[in-house]
Novice: 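Before I ask anything, here is the structure I am working with.
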Amino acid sequence: MKTLDEMKFAPKNLFSLAGKTVVLTGASGFLGSSMGDALLSAGARLVAVGRSEKLGTLVDQWVNSFGKEQVTFYKAALDEPTELDQVIDAINSSENHVDILVNNAHQLDTFSGFNTPAGAFEHIDAKQWSSHLCGGVWWAARLTQGFGDRLKEAQGCIINVSSMYGIVAPSPHLYFETDKVNPAGYSAAKAAILALTRYIASYWGEYGVRANALLPGPFSNIGGHTDNSVSPDDPFLNRLKERTTLGRIGRPEELAGALIFLASDASSYVTGHALVVDGGWTIT
């Protein structure tokens, strides 16, 4: 008879998240909603955190597909320190354990400098820098800190969502004569997330906690209605496609494999790693 450990590493169980509870921030966002689908499909119990009005509708869809017992949600603006701490306290006071934390939330709008002249490096002000360094780094650090005891108890894992722009600079050619702007604060924050990931992996490894980063490439929100969405006929899309070795932009569901790999026992000996999913963007 196989031991429990042998069964855990059997191919059919290797990517299963059954019995695991995942806290996912930015759950109602463009990539976050797809991440929620993937985590639930892998058998996880999902604790979704988001600020968008779409969160309630999305949770209803998840409940219909996966069952009420599999989904809990908290609507909160993480840029409000009180609300951030209230979410941490509420989850910690619940009966749920925390096995996996996915720090996906990041403020992506004109306030943080996306697709507005104010986002150009020459015009960045302190508030815009703060929106990235707080929203991109502090949220992840505070949530990791807040769930630290539970993650250590579970010998769990942390997945910090960075970006290809955490390791390479945006190409000016992409944005030339367009209304698109990718602010410097975003790149700085996503690079800092990588440093934070390595730090946690180094210091919490002794507790069996793994920390890794997921780096999406060009996953444009086509046809959306947010500050960072792209029209289907926007010439900017062609520039994105031409820049990748695969000749296309990514679909949100194409992050699922990498996400589940990092969340599951399939990556049980992987920590401090930055997993790039970018269609070949960063190799040329």
Side-chain angles (χ1 to χ4, degrees), residues 24 26-39 41 52 54 58 102 104-121 124 132 135-136 159-191 193-194 212-262 273-284:
L24 169 66
S28 54
F30 170 59
L31 296 180
S33 57
S34 184
M35 289 179 184
D37 289 339
L39 294 164
S41 295
S52 170
K54 297 184 297 184
L58 187 60
V102 182
N104 170 60
H106 193 112
Q107 189 169 347
L108 305 172
D109 52 24
T110 53
F111 180 82
S112 57
F114 280 91
N115 305 334
T116 173
F121 183 75
I124 299 173
H132 289 289
I159 301 169
N160 292 322
V161 180
S162 180
S163 165
M164 64 184 185
Y165 285 159
I167 56 175
V168 297
S171 170
H173 167 71
L174 288 173
Y175 305 94
F176 181 66
E177 292 186 342
T178 75
D179 60 354
K180 303 294 185 294
V181 175
N182 197 293
Y186 182 75
S187 293
K190 290 306 185 181
I193 279 288
L194 297 179
N212 292 291
L214 182 61
L215 284 66
F219 286 81
S220 290
N221 186 1
I222 301 174
H225 301 285
T226 61
D227 292 333
N228 63 326
S229 59
V230 180
S231 170
D233 58 358
D234 194 324
F236 180 67
L237 281 180
N238 288 328
R239 293 185 183 180
L240 291 179
K241 293 174 183 178
E242 290 168 359
R243 182 64 180 76
T244 68
T245 59
L246 293 182
R248 64 181 178 84
I249 61 172
R251 300 184 298 273
E253 58 270 22
E254 290 182 299
L255 280 176
L259 176 68
I260 300 305
F261 168 70
L262 293 177
H273 182 65
L275 179 54
V276 181
V277 185
D278 69 350
W281 185 285
T282 56
I283 65 170
T284 59

Novice: Is the side chain of Thr178 donor-acceptor paired with the backbone N or O of Tyr175 at a distance under 3.5 Å, no angle test?
Specialist: yes
Novice: Report yes if some heavy atom in the side chain of Trp281 is under 4.5 Å from a heavy atom in the side chain of Leu240; otherwise report no.
Specialist: yes
Novice: Is the shortest heavy-atom distance from the side chain of Val277 to the side chain of Leu214 under 4.5 Å?
Specialist: yes
Novice: Might you point out which heavy atoms bring Met164 and Gly217 nearest each other, and give the distance in Å?
Specialist: SD-CA, 3.4 Å
Novice: Do you know the tightest heavy-atom contact between Ala256 and Ala38?
Specialist: CB-CB, 3.7 Å
Novice: Please tell me if the side chains of Leu215 and Leu194 come closer than 4.5 Å, counting only heavy atoms from C-beta onward.
Specialist: yes
Novice: Below 4.5 Å, heavy atoms only, C-beta onward: do Ile167 and Val276 meet side chain to side chain?
Specialist: yes
Novice: How far apart are the closest heavy atoms of Ser187 and Pro170, and which atoms are they?
Specialist: OG-CD, 3.7 Å
Novice: Hey, is the main chain of Val161 close enough, under 3.5 Å, to the side chain of Lys190 for a donor-acceptor pair?
Specialist: yes
Novice: Describe, in one word, how the ring planes of Tyr186 and His132 are oriented to each other, choosing from parallel (under 30°), tilted (30 to 60°) and perpendicular (over 60°).
Specialist: perpendicular
Novice: If every non-hydrogen atom of Phe30 is compared with every non-hydrogen atom of Ser220, which pair is closest and at what distance?
Specialist: CZ-O, 3.2 Å
Novice: Would a 4.5 Å heavy-atom cut-off, applied to side chains only, mark Asn212 and Leu275 as touching?
Specialist: no
Novice: CG of Leu174 to NZ of Lys180: how many Å apart, nearest 0.5 Å?
Specialist: 11.5 Å
Novice: In the structure I gave you, are the side-chain heavy atoms of Met35 and Leu255 within less than 4.5 Å of one another anywhere?
Specialist: yes
Novice: Can you tell me how far the CG atom of Leu31 sits from the CG atom of Leu259, to the nearest 0.5 Å?
Specialist: 10.5 Å
Novice: For the CG atom of Asn238 and the CZ atom of Arg243, what is their distance to the nearest 0.5 Å?
Specialist: 15.5 Å
Novice: Side chains of Leu24 and Asn104, heavy atoms from C-beta outward: is any pair under 4.5 Å?
Specialist: yes
Novice: For Ser162 versus Pro216, what's the shortest heavy-atom pair and its separation?
Specialist: O-CD, 3.4 Å
Novice: So which atom in Ser33 and which in Leu58 form the shortest heavy-atom distance, rounded to 0.1 Å?
Specialist: CB-CD2, 3.6 Å
Novice: Nearest 0.5 angstrom please: Thr116 OG1 to Asp179 CG, how far?
Specialist: 10.0 Å
Novice: How long is the straight-line distance from CZ of Phe219 back to OG of Ser163, given to the nearest 0.5 Å?
Specialist: 10.5 Å
